[in-house]
A.B. asks: 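Shown below is the structure under consideration.
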Amino acid sequence: MSKTVSVISKNFYTVNPDSIDEYIAAGGFEALKKAVTMKPEEIIEILNKSDLQGRGGAAFSVATKWNHAVRVPAPVKGIMCNADEGEPGTFKDRSLLEHNPFGVIEGMIIGAYVGGGSEMNHARIYIREEYTYLHGRVRNAIKQAEERGFLGNNILGTGLNIEMKVVSGAGAYVCGESSALLESTEGKAGRPRIKPPRLNNVGLYNLPTLLNNVESYSIVPILVRDDSEYRSYGTEKSIGTKMISVSGNVQKPGVYEIPFGTTIREVVYDIAGGLSSELPLKFVQIGGASGAIVPARELDTPISYEGLAEIGVAVGSGAIVVADESNSMLDYFDSLAHFFAEESCGKCTPCREGNRQLVKMVGLMKSGKATMADFDRLVDMLGLMKGASFCGLGKTEPAPFLAAIKHFEDEVKGYFK
Amino acid sequence: MNKPLNSKLQEQHPELYAQVSEIVSKWGASRDNLIAVLLDVQSKSKQNYLSKEALLAVSEIMGIIVQDVYEVASFYHALSTRPRGKFLVQLCQGTSCTVNKVVNVKTALEAELGIMIGGSTPDGLFTFEYTPCFGACDVSPAMRLNGKVVGNLTPEKIKQIIGECREAAENE
Ligand SMILES: Cc1cc2nc3c(=O)[nH]c(=O)nc-3n(C[C@H](O)[C@H](O)[C@H](O)COP(=O)(O)O)c2cc1C
Ligand code: SF4
Ligand code: FES
């Protein structure tokens, strides 16, 4: 029996992503039509019942966020979709935009109905430059939705007004961070803003702003229309399904939809076809570059909020990078350190300088000249970055390093004399 | 408009000025279109970058002080303030590419191009850059060649691709 499901990905390969007619024929916009007959609170209650957590990495309750939006009334609001997807190993939003762009748009319109203002709301889909080939598809979907009256003035006679646009990134991982995303959308360098004020109070163009990830918005219409199928999957504490991206040393890398509770082992061996080499599996990294490293002995851990939490790991973006025994921790550190050093925006000292030091440290480890005193310095520095960085980038970056030091202590310490 | 009183940019670079004006009128002159404008202006440049004159033109025409324009142009990976080759080779060295031994591809590229990562070939044909993960991990190791994803790379494939680029340039 197949271990993948298709609830969020139901329209993949069956509905032409460039045709609103096909989307509508497959039940598209029924959720929106139903939503506008309901009170915002009732819609939020639906999301709450499935305990939908944001799928961009931070796992913040969507219902709670939307509830905040209702409680901050304003005539005009920002409704943003985060399609920056910069987390290494993550490409599930790419497949959602590619195969189901109308689903993302419908979710955003429902979001605007719940948490938007009475005048023309600014809706923006921020898509990374690296996905330029998808900008046209999403713009086309927006245009078709406008033509059918799902966007623009007085949507479905409700008085809701939305002007929706695609905004291109220009290559910067930090722009996935919520406030940096806003800065970039406003045409500035993408450096995070200080919080508070939180963006649900002061966001895009200083308007109260609702921001969610591509996958989060994609799930909304599915739940509003009929949540029974989605709710039939998952575990008691993690209801439903999750889009994951599997890559690395596996036979069949790709995007898959799994019910929460599927184990890491099932994903690697049953879904992704096992390893691409004869070598045994060494570790997987879950949730992107800032996700923790999980050693082979923990492969039977279920992928669910509570299951992963038990081993100190977060679901994150849903990325699973698989590494076999041919990979040294040093090479992996090298990749991570370079990535973060390139991507640190330079605004705060712990992350900017910490990353320079990390790159130097990896160089030292490679040269064979690193000492145990350097090891202590490394651990101190990671602690400092975690505790003192300004935004999530520097705060979460130490996680994979610390996990590697914990699980592969002998190997890592072997690089220090 | 934020045009300096004695600016001669329009007289000195009429073609560039007209081109930038057209791009700005397509997107609109408001600040939030700056990144889109810069991406478009860059794409029209033969050397794949934003020259000083181009930045000044954007600044004047959009009415944004040039320091702000430069800050944005220098912040993002996709924008370059230095000339780049006709063929821009951007190799990912993210986690998934790393475990799929991108290092062999990097060595092959350096050998084939005769330059180290971060450099350009003296003939101005190639620039070879590092890039963070661009979400093509399912076909890792991967690179972008003038923005287009090329995946499942091997040293043999590199030889072939670079050969094809050279051929295309010769036949121009
Ligand atoms: C450095 C950094 C990068 C991030 N990148 C992304 C991203 O690419 N996509 C995304 O949806 N969220 C990203 N996030 C999380 C966002 O800040 C935010 O939590 C999310 O977009 C909210 O949507 P959600 O609640 O639906 O997940 C990033 C956070 C940080 C700190
Ligand atoms: S932690 Fe600091 S330097 Fe690093 S990306 Fe965030 S704000 Fe910029
Ligand atoms: S890690 Fe190289 S494309 Fe994602």
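Below, chains carry the letters A, B, ... as their sequence lines are ordered, and counting in each starts from 1.
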A.B. asks: Who among B/Q93, B/K101, B/Q90 has the most heavy-atom pairs with chain A under 4.5 Å?
C.D. replies: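 Top option by heavy-atom pairs under 4.5 Å: B/K101.
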A.B. asks: At a 4.5 Å cut-off on heavy atoms, which part of A/S245 comes close to chain B: side chain, backbone, both, or neither?
C.D. replies: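 For A/S245, there is no contact with chain B at all, as no heavy atom is under 4.5 Å.
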A.B. asks: What residues of residues 109-135 of chain B make heavy-atom contacts with chain A at a cutoff under 4.5 angstrom?
C.D. replies: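 From residues 109-135 of chain B, the residues near chain A are B/Y130, B/P132, B/C133, B/F134, B/G135.
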A.B. asks: Mark yes or no for whether B/T98, through its side chain, and A/Y332, through its backbone, hold a donor-acceptor pair below 3.5 Å.
C.D. replies: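 Flag not set: sc B/T98 to bb A/Y332 has no pair under 3.5 Å.
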A.B. asks: Does A/G190 offer a backbone N or O that forms a donor-acceptor pair with the side chain of B/Y76 under 3.5 Å?
C.D. replies: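 At least one qualifying donor-acceptor pair exists.
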A.B. asks: Between B/H77 and A/E343, does a side chain to side chain donor-acceptor pair (under 3.5 Å) hold up when you go through it step by step?
C.D. replies: CA-CA 9 Å; B/H77 288 293; A/E343 299 307 318; 2.6 Å; yes
A.B. asks: Taking B/N100, B/V72, B/L34 one by one, which has the highest count of heavy-atom pairs under 4.5 Å against chain A?
C.D. replies: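 Of the options given, most contacts go to B/N100.
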A.B. asks: Checking A/D331 now: which residues fulfil salt bridge (charged side-chain N to carboxylate O under 4.0 Å, His left out) with it, not counting sequence neighbours?
C.D. replies: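 Expected list: none.
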A.B. asks: A/V322 and B/V99: which non-hydrogen atoms are nearest, and at how many Å?
C.D. replies: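 Nearest heavy atoms, A/V322 then B/V99: O-CG2, 3.6 Å.
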A.B. asks: Give a yes or no on whether B/K157 atom NZ has more than 12 heavy-atom contacts from other residues, nucleotides or ligands under 6.0 Å away.
C.D. replies: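 Yes.
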A.B. asks: For A/Q251, does the CD atom sit with more than 12 other heavy atoms under 6.0 Å from it, leaving out its own atoms?
C.D. replies: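 Enclosed: over 12 neighbouring heavy atoms sit under 6.0 Å from CD of A/Q251.
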A.B. asks: Under the salt bridge (charged side-chain N to carboxylate O under 4.0 Å, His left out) rule, collect the residues that match up with B/E156, sequence neighbours excluded.
C.D. replies: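 None.
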A.B. asks: What residue, out of A/E87, A/E85, A/R128, has the most heavy-atom pairs lying under 4.5 Å from chain B?
C.D. replies: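 The residue among A/E87, A/E85, A/R128 with the greatest pair count is A/R128.
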A.B. asks: Write out, in numerical order, the residues from residues 166-175 of chain A with a heavy atom short of 4.5 Å from a heavy atom in chain B.
C.D. replies: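 Interface residues of residues 166-175 of chain A: A/S168, A/G169, A/A170, A/G171, A/A172, A/V174, A/C175.
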A.B. asks: SG of B/C137 to CD1 of A/I320: how many Å apart, nearest 0.5 Å?
C.D. replies: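 If I round to the nearest 0.5 Å, the distance is 12.5 Å.
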A.B. asks: Which heavy atom of A/E186 sits nearest to which heavy atom of B/R31, and what is that distance?
C.D. replies: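 Heavy atoms only, the tightest pair is O-CG, 3.3 Å.
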A.B. asks: For atom OH of B/Y70, decide whether the heavy atoms of other residues, nucleotides or ligands shown that lie under 6.0 angstrom number more than 12.
C.D. replies: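 Result for OH/B/Y70: open.
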A.B. asks: If every non-hydrogen atom of B/A136 is compared with every non-hydrogen atom of A/R94, which pair is closest and at what distance?
C.D. replies: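 Closest heavy-atom pair between B/A136 and A/R94: CA-NH1, 3.7 Å.
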A.B. asks: Under 4.5 Å from any heavy atom of chain B, what part of A/S184 do you find: side chain, backbone, both or neither?
C.D. replies: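 Both backbone and side chain of A/S184 come within 4.5 Å of chain B.
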A.B. asks: Between the side chains of A/K252 and B/D138, is the shortest nitrogen-to-carboxylate-oxygen separation below 4.0 Å, so that they form an ion pair?
C.D. replies: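 A/K252 and B/D138: not salt-bridged.
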A.B. asks: So does B/E15 have more than 12 non-hydrogen atoms from other groups sitting under 6.0 Å from CD?
C.D. replies: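 No - once you tally the heavy atoms of other residues, nucleotides and ligands closer than 6.0 Å, there are 12 at most.
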A.B. asks: Does any backbone or side-chain atom of B/N33 lie under 4.5 Å from a heavy atom of chain A? Answer side chain, backbone, both or neither.
C.D. replies: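 No part of B/N33 comes within 4.5 Å of chain A.
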A.B. asks: Taking all non-hydrogen atoms of both residues, which atom of A/K188 and which atom of B/I35 are closest, and how far apart?
C.D. replies: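 Smallest interatomic distance, heavy atoms only, reads O-CD1, 4.0 Å.
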A.B. asks: Just how far is it from atom CZ of A/F339 to atom OG1 of B/T95, taken to the nearest 0.5 Å?
C.D. replies: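 So the gap between those two atoms works out to 8.5 Å.
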